[in-house]
Amino acid sequence: MKGKGVKSVRGGMQGDLMCHIVVETPVKLNEKQKELLKEFGESLGGTSGEKNSPRSKSFLDGVKKFFDDLTNK
C-alpha cells in the first residue's frame, strides 16, 4: 500500500507497506456447510456477484465511469 509503510531513517519519507495474504478454503464440506455456502452465494446476488466483486466489472464500465466523473466535476 503506497505511502503506508514506515518512515525512512535518513530521508523521513514514508515507505510502502507490503502485505502477503494467504486465503485458505475448506476442502471437505458436509451437506449442511454446502447448503449454507449456497445460501450465502445467493444472498450476494447469484453467480455474477457484481456488487461484491469489484473485478467483475468490464473495461467499458470503467471507461464509462471515467467520463461520468469528468462531467460531474
Side-chain angles (χ1 to χ4, degrees):
M1 296 175 5
K2 190 145 184 82
K4 301 292 182 181
V6 295
K7 288 186 178 183
S8 170
V9 177
R10 294 186 183 137
M13 293 186 59
Q14 195 83 17
D16 296 341
L17 176 64
M18 304 295 284
C19 299
H20 179 81
I21 299 172
V22 177
V23 177
E24 292 187 22
T25 56
V27 178
K28 296 179 181 179
L29 300 175
N30 62 32
E31 290 304 314
K32 175 74 174 172
Q33 292 167 327
K34 289 178 186 178
E35 183 60 33
L36 288 171
L37 280 176
K38 183 178 177 182
E39 287 178 26
F40 179 67
E42 290 170 355
S43 74
L44 294 176
T47 56
S48 67
E50 183 176 303
K51 292 180 182 176
N52 301 296
S53 179
R55 291 186 179 185
S56 69
K57 300 216 185 302
S58 73
F59 171 76
L60 293 178
D61 289 336
V63 172
K64 181 181 180 299
K65 183 183 180 321
F66 173 79
F67 286 107
D68 285 345
D69 289 347
L70 283 178
T71 59
N72 291 332
K73 287 185 179 181

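Residue numbers count from 1 along this sequence. Just the heavy atoms: all of them, side chains too, but no hydrogens, waters or symmetry mates, feed the values below.
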- prompt: Is it true that Glu35 and Lys38 have a side-chain N and a carboxylate O under 4.0 angstrom from each other?
  reply: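 No.
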
query: Remaining members of Val22's ILVMFWY cluster at a side-chain heavy-atom cut-off under 4.5 Å?
result: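 Listed partners: none, Val22 stands alone.
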
Under 3.5 Å, which donor-acceptor pairs link side chains of residues 4-21 to any protein atom two or more places apart or in another chain?
from, atom 1, to, atom 2, distance (Å)
Ser8, OG, Arg10, N, 3.4
Ser8, OG, Gly11, N, 3.4
Gln14, NE2, Gly5, O, 2.2
Asp16, OD1, Gly3, N, 2.9

